[in-house]
Undergrad: 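Before we start, here is the structure in question, set down as structure tokens.
Lettering follows sequence order; numbering is per chain, from 1.
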Protein chains: 2
Amino acid sequence: MWLRRERPLRDRRLSRAHIVGAAVPVLDTEGHRGLSMRRIATDLGVTAGSLYWYVRTKDDVLELALDRVLGEVNADPEEPDWRHGLAALARNTRAMLLRHRWALLELTVRPNLGPNAFTLAETGLHLLSRAGFADADLDAAMATVNDQVVGAVIAEVAWRDTLTRMRESGAEWTQHATTAYLRDVAARHPLLAHRMAAGKGADVERDSERRFEFALSCLLAGLSATCDATIPSEHPQAAPAAR
Amino acid sequence: MWLRRERPLRDRRLSRAHIVGAAVPVLDTEGHRGLSMRRIATDLGVTAGSLYWYVRTKDDVLELALDRVLGEVNADPEEPDWRHGLAALARNTRAMLLRHRWALLELTVRPNLGPNAFTLAETGLHLLSRAGFADADLDAAMATVNDQVVGAVIAEVAWRDTLTRMRESGAEWTQHATTAYLRDVAARHPLLAHRMAAGKGADVERDSERRFEFALSCLLAGLSATCDATIPSEHPQAAPAAR
DNA sequence: ACCTGAACACCGTTCAAGT
DNA sequence: ACCTGAACACCGTTCAAGT
């Protein structure tokens with residue numbers, strides 16, 4: 001996609017920018033299911049076939065849409081404390097992904113070669129290199145943080161979506177078949193049962209954030225320990241100050 | 001899905017087991033794109049409509065297929081060293097996901113309520129509880145490990161898939177447009193450029209494993225530090241032995 | 001109870017033909 | 001150069017009708 005330059009413009013009514021501009025709102029409000037080439041076309045007052053003048057497949061549209069929303073994430077590569085910088089980057093990414101939930105799938109289905117993706121990667125690398133990582137470890141550390149964020153938000157979104165879906169289709173938790181199935185599960189899995197009981201009246205919003213922060217501090221502690229072990233002369237402090 | 005019990009059998013030619021038995025091989029060899037209700041039906045010598053007697057939507061089929069392959073992951077909840085136990089669970093999960101790449105999408109698109117999913121969750125919780133985690137922290141720790149594994153394998157698979165796709169469609173790395181685009185990117189992003197240069201002749205297989213192990217040890221170090229901080233009386237050892 | 005056959009309402013993509 | 005209109009080859013799902 002990013003290799004195919006947009007055609008020079010003359011008297012046209014469309015452009016890639018127009019197409020993503022139409023696609024993103026549809027994705028935000030109706031999800032992947034709601035987006036079709038025909039839908040984008042009619043929103044732009046045009047025929048479905050026309051889009052193929054600007055874009056080779058529907059996947060191209062999604063790739064463009066992803067890079068657009070990646071542009072919404074901002075992070076400061078010059079933040080003095082690399083831990084704070086990385087944490088901010090992670091939190092901002094999470095917030096963006098919660099605004100554009102469809103983007104998670106695009107982010108994960110292929111590597112990301114758009115300009116905004118590269119910019120974000122560079123600031124992440126910059127922060128981690130200042131932490132003392134280099135070469136293969138720099139790659140690995142960056143990947144670890146990214147993967148944690150993506151994995152966490154994926155799980156969070158999946159959970160939130162089913163909760164709202166269940167709210168829409170009536171409170172199925174209290175259905176007979178459901179309680180029977182869950183009782184069966186609980187009987188076989190004591191720890192799971194204990195956790196399920198605790199999660200009954202939980203606040204999804206707060207819990208998700210707690211978990212995200214737990215994972216983040218856990219990971220930063222692990223990264224600190226790892227880079228201190230590799231380059232012990234870098235940070236001659238008393239304690240790595242986890243959390 | 002898991003709430004709708006299978007109908008009692010009489011003289012039928014089909015069952016849910018038959019359906020997943022037909023679906024999984026198609027998914028393994030041809031991916032999501034290759035799987036359609038009509039395809040499953042013809043493979044079973046039957047009409048597409050028939051499947052809807054056993055299953056309510058195509059999503060049900062995918063949910064069943066996911067739980068089947070989750071059953072391939074084995075892990076020992078009684079492993080004495082919880083770190084070893086968790087690492088093994090993580091590695092086995094990764095291996096399974098590399099065998100059934102389509103499963104990643106299913107795993108992430110909704111929470112997972114099949115019997116095999118519950119069993120795996122229980123052994124993970126068991127290992128972490130023996131590490132000293134409890135209540136909300138137990139949840140969070142489990143989620144952190146899961147999310148790391150899922151996030152890492154997603155990125156790995158996305159990367160591998162594009163590599164093979166590029167191999168199939170001719171070596172596009174050396175195309176003029178590609179090199180121009182990448183040179184442009186490299187000019188703007190020094191650290192990225194450095195890493196891209198290093199990744200030229202890399203071995204994907206080995207690198208993926210290295211990264212996975214890096215993330216794993218990083219995370220286990222972070223978890224050890226966290227639980228030692230919470231319950232310092234639990235493990236009165238000299239050092240947490242990271243890596 | 002279980003399965004067929006045909007239909008419905010969609011898809012993404014292609015491509016001649018117009019302007 | 002850019003867009004239309006119509007077609008192609010598919011989808012998932014429904015449902016009367018058969019057995």
Undergrad: Angle class for the Trp102(B)/His32(B) ring planes (parallel below 30°, perpendicular above 60°, tilted otherwise)?
TA: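 Trp102(B) vs His32(B) ring planes: perpendicular.
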Undergrad: Could you please name the option among dC11(C), dT4(C), dT13(D) that lies closest to any side-chain atom of Arg38(A)?
TA: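 Side chain of Arg38(A) sits closest to dC11(C).
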Undergrad: Would Arg94(A) pass as a cation-pi partner of Phe212(A), given that its NZ or CZ must be under 6.0 Å from the six-membered ring centre and within 45 degrees of the axis?
TA: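 Judged by the rule (NZ or CZ under 6.0 Å from the ring centre, within 45° of its axis), Arg94(A) counts as positioned above Phe212(A).
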Undergrad: Of all the choices, dT13(D), dT4(D), dA1(C), which nucleotide is nearest to the side chain of Val46(A) once you look at every atom?
TA: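 The answer is dT4(D), which lies nearest to the side chain.
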Undergrad: Take the protein atom NE2 of His18(A) and the nucleotide atom C1' of dC3(D), then report the distance between them rounded to whole Å.
TA: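 So the two atoms are 15 Å apart, to the nearest Å.
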Undergrad: Considering only dC3(C), dT13(C), dT13(D), which nucleotide approaches the side chain of Ala48(B) most closely?
TA: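 Of the options given, the side chain of Ala48(B) lies nearest dT13(D).
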Undergrad: Which sits closer to the 5' end of DNA chain C, Gly34(A) or Ser50(A), going by the nucleotide each is nearest to?
TA: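 In this pair, the answer is Gly34(A).
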Undergrad: Base, sugar-phosphate, or nothing: which does Leu44(A) touch, judged by heavy atoms less than 4.0 Å apart?
TA: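 Nothing, no nucleic acid heavy atom in range.
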Undergrad: Can you find a heavy atom in the side chain of His126(B) that is under 4.5 Å from one in the side chain of Pro190(A)?
TA: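 With C-beta onward as the side chain, the pair stays apart.
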Undergrad: Does the side chain of Leu120(A) come within less than 4.5 Å of Asn116(A)'s, by heavy atoms?
TA: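 Side-chain contact under 4.5 Å: no.
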Undergrad: Please tell me which of the listed nucleotides, dT13(D), dC2(D), dG12(C), lies nearest to the side chain of Tyr54(A)?
TA: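 Selected nucleotide: dC2(D).
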Undergrad: Starting the side chain at C-beta, find the nucleotide from dC2(D), dT13(C), dG12(D) nearest to Tyr52(A).
TA: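 Side chain of Tyr52(A) sits closest to dT13(C).
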Undergrad: May I have the distance from His32(A) (atom NE2) to dC11(C) (atom P), rounded to whole angstrom?
TA: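 Nearest whole value for this atom pair: 15 Å.
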Undergrad: At under 4.0 Å between heavy atoms, what does Leu35(B) touch on the DNA or RNA strands: base, sugar-phosphate, or nothing?
TA: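 Sugar-phosphate only.
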Undergrad: Please work out if Ser36(B) contacts a base, only the sugar-phosphate, or nothing of the nucleic acid, heavy-atom cut-off 4.0 Å.
TA: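 Sugar-phosphate contact only.
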